[in-house]
Amino acid sequence: MKTNIKQIGIVTLFILLFSSFTNVRAEGDDSYFTISGVVKDKSNKKKVEYVNISVPGTNISSITNEDGAFVLKIRDSIQAKEVEFSRIGYFNTRVPIYGADLLDQTFYLVPNEKQLKEVIVESWGSPADLVKEALRRVAHNYSNKPNLLTGFYRETVQKRKKFINISEAVIHIYKNSYSDITSNDRVQIFKGRKLITTKVSDTLAVKLQGGPNLSIYGDIVKNPDILFDEESLSYFSFKMENSAFLDNRQQYVISFTPVITLPYPLYYGTLYIDKETLAFTRAEFYLDLKDRNKAIEAILRKKPAGLRFKPDEVFFVVSYKQREGKSYLNYIRNELKFKCDWQRRLFATNYTVVSEMVVTEMKEDAVSNIPRKESFNKNESLSDKVMSFYDDNFWGAYNIIEPTESLESAVNKLKKEHQ
């Protein structure tokens with residue numbers, strides 16, 4: 001493994017007082033119509049989170065939130081005929097649309113409970129061999145052209161159950177070919193806003209350093225050092241699990257756990273690999289917290305003197321979506337749970353920081369890199385770079401991750417504090 005989590009910096013935090021901000025805003029939305037509602041499991045009627053919603057034949061997409069809710073905005077000029085819903089473990093579902101608003105609907109997904117035969121392991125020798133072959137095929141399976149992605153990024157900070165910081169933005173992401181290194185990949189804040197508590201007792205908060213750059217550093221296919229590359233596969237034990245389906249395609253499901261101790265923490269989790277192409281389609285993984293001192297060194301950038309920091313959970317989800325035979329980054333979520341307390345105090349305070357990014361559009365032709373001076377610096381915090389909430393129609397035609405019910409309630413409460 002050539003680099004470690006400290007050098008990659010995808011979960012770096014720093015704890016300090018909130019500081020000033022600069023306004024970032026842009027206009028220029030086309031006319032559009034809206035599809036909205038909630039997605040449920042047809043068999044048990046439960047809401048389904050993290051369902052990908054897309055317009056077939058285009059690069060427009062979004063994702064359901066933890067309540068199964070979504071809003072998808074489609075430009076009139078596209079003349080879209082259908083919307084497709086897809087998620088691991090379900091059959092894809094297509095719904096016809098007619099160029100007009102379709103609001104507050106309920107959409108159902110049918111579970112796909114088929115499983116692959118056990119000859120999978122025999123075909124590849126071992127799960128580790130299968131992962132090694134998937135790594136070797138990255139240059140073939142993923143885009144060999146530069147891409148300019150448009151994405152929606154949100155990060156929230158909760159103190160116990162109370163939201164104290166909500167920051168979100170439309171971002172542009174430049175990615176060069178997957179056969180190239182990531183040093184030229186950049187993120188630009190196109191339009192953003194924030195809302196933070198005004199209470200003095202809540203002004204001490206944890207921020208995610210370089211948060212929007214999660215779309216670069218969290219791309220585990222382009223940055224295999226985050227989990228493992230061919231050289232470091234021996235650091236882990238791999239096990240074949242029951243198969244699954246995604247986008248109506250069979251997936252190998254492989255769990256992995258560390259088997260050695262290194263100066264820095266490793267991850268454990270689950271990989272989903274397309275049976276036909278051997279492309280990585282999804283990864284769910286946790287930072288190993290057995291040695292908390294190593295984890296703290298990897299995560300924490302800065303804190304006030306006398307404040308004690310204890311990580312409880314560091315979790316990632318990364319997914320990719322296939323278009324015309326190539327796979328592209330689709331969604332990343334990072335969740336950190338930890339405790340902070342001051343020396344000599346009896347009780348600690350629980351914090352949760354969640355950041356997530358969904359790619360909503362993609363351009364692959366005549367793409368230029370984002371100028372370095374306009375790109376988001378990895379040492380910056382999003383909440384220091386964007387303006388305050390002020391307009392319910394702020395996003396216009398841009399696709400976003402719909403707020404959960406709890407987040408909507410938090411926004412309303414924080415707005416009242418600012419009035």
Side-chain angles (χ1 to χ4, degrees), residues 1-13 50 88 126-136 138 142 155 182 208-211 213-241 244 251-273 278-301 309-320 329-338 352-357 378:
M1 184 169 291
K2 301 171 187 176
T3 58
N4 61 41
I5 187 173
K6 292 186 290 183
Q7 295 167 317
I8 294 167
I10 56 175
V11 293
T12 304
L13 299 174
Y50 312 136
I88 285 179
S126 71
D129 290 335
L130 195 155
V131 173
K132 181 182 294 186
E133 183 62 25
L135 289 169
R136 290 174 179 171
V138 165
Y142 297 82
E155 62 186 48
T182 63
L208 187 65
Q209 186 177 28
N213 285 316
L214 180 72
S215 54
I216 296 177
Y217 301 115
D219 185 344
I220 61 164
V221 171
K222 202 169 186 189
N223 302 282
D225 289 336
I226 295 172
L227 289 180
F228 36 68
D229 53 19
E230 286 190 53
E231 298 176 6
S232 60
L233 288 180
S234 61
Y235 298 171
F236 299 87
S237 172
F238 295 89
K239 178 184 177 183
M240 190 69 69
E241 306 290 351
Q251 307 289 320
Y252 297 127
V253 182
I254 301 174
S255 61
F256 61 93
T257 55
V259 293
I260 68 170
T261 300
L262 295 174
Y264 49 88
L266 297 172
Y267 289 101
Y268 63 94
T270 305
L271 300 173
Y272 296 79
I273 300 175
L278 295 193
F280 294 100
T281 55
R282 184 178 174 92
E284 302 165 358
F285 52 101
Y286 296 83
L287 186 67
D288 189 344
L289 300 180
K290 290 179 181 177
D291 188 326
R292 293 190 182 275
N293 290 330
K294 291 180 183 178
I296 291 171
E297 185 179 357
I299 297 169
L300 193 61
R301 171 79 175 191
F309 174 85
K310 179 184 178 183
D312 290 328
E313 181 178 280
V314 182
F315 174 64
F316 284 91
V317 175
V318 183
S319 70
Y320 300 83
L329 181 65
N330 176 243
Y331 177 71
I332 305 180
R333 179 182 174 88
N334 171 217
E335 186 167 335
L336 299 94
K337 296 181 179 180
F338 49 89
T352 303
V353 177
V354 175
S355 57
E356 57 183 339
M357 186 282 305
K378 66 180 181 180

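- Between V318 and I226, every side-chain heavy-atom pair lies at or beyond the 4.5 Å cut-off.
- Scanning both residues, F256 and F236, for their nearest heavy atoms gives CD1-CD2, 3.9 Å.
- With sequence neighbours left out, the ring pair (Phe, Tyr, Trp, His ring centres under 6.0 Å) criterion links F315 to Y286.
- Taking CG of L329 as the reference point, atom OG of S319 lies at 7.5 Å (rounded to 0.5 Å).
- For the pair T281 (side chain) and Y272 (backbone), a donor-acceptor distance under 3.5 Å is present.
- Between V131 and F228, some side-chain heavy-atom pair lies under the 4.5 Å cut-off.
- The two residues S234 and V259 make their nearest non-hydrogen contact at O-CG2, 3.6 Å.
- Atom CG of residue L227 and atom CZ of residue F285 lie 4.5 Å apart, to the nearest 0.5 angstrom.
- A pairwise comparison of heavy atoms in A134 and L278 identifies CB-O, 3.3 Å as the closest pair.
- Panel note: side chain K294, backbone D288; no donor-acceptor pair is recorded below 3.5 Å.
- Once rounded to the nearest 0.5 Å, the distance linking CG of L289 with NZ of K337 reads 12.5 Å.
- Listed by chain and number, the residues in a ring pair (Phe, Tyr, Trp, His ring centres under 6.0 Å) with Y320 are Y142 (sequence neighbours excluded).
- Nearest heavy atoms, L135 versus D229: CD1-C, 3.8 Å.
- Contact check for P258 versus Y268: side-chain heavy atoms found under the 4.5 Å cut-off.
- Side-chain contact between Y50 and Y331 is present, with at least one heavy-atom pair separated by less than 4.5 Å.
- With rounding to the nearest 0.5 Å, the separation of CD in Q251 from CD1 in I88 is 6.5 Å.
- Side-chain contact, T270 with E241: no donor N or O sits under 3.5 Å from an acceptor N or O.
- Of all heavy-atom pairs spanning L214 and S355, the tightest one is CD2-OG, 3.8 Å.
- N223 places a side-chain N or O within 3.5 Å of a backbone atom of D219 that can act as its donor or acceptor partner.
- With sequence neighbours left out, I296 forms a side-chain contact (heavy atoms from CB on, under 4.5 Å) with L300, F309, P311.
- Considering only heavy atoms from C-beta on, L336 comes within 4.5 Å of N334 through its side chain.
- To the nearest 0.5 Å, atoms NZ (K310) and CZ (R292) are separated by 5.0 Å.
- Across all non-hydrogen atoms, the minimal contact from A283 to I220 is CB-CD1, 3.3 Å.
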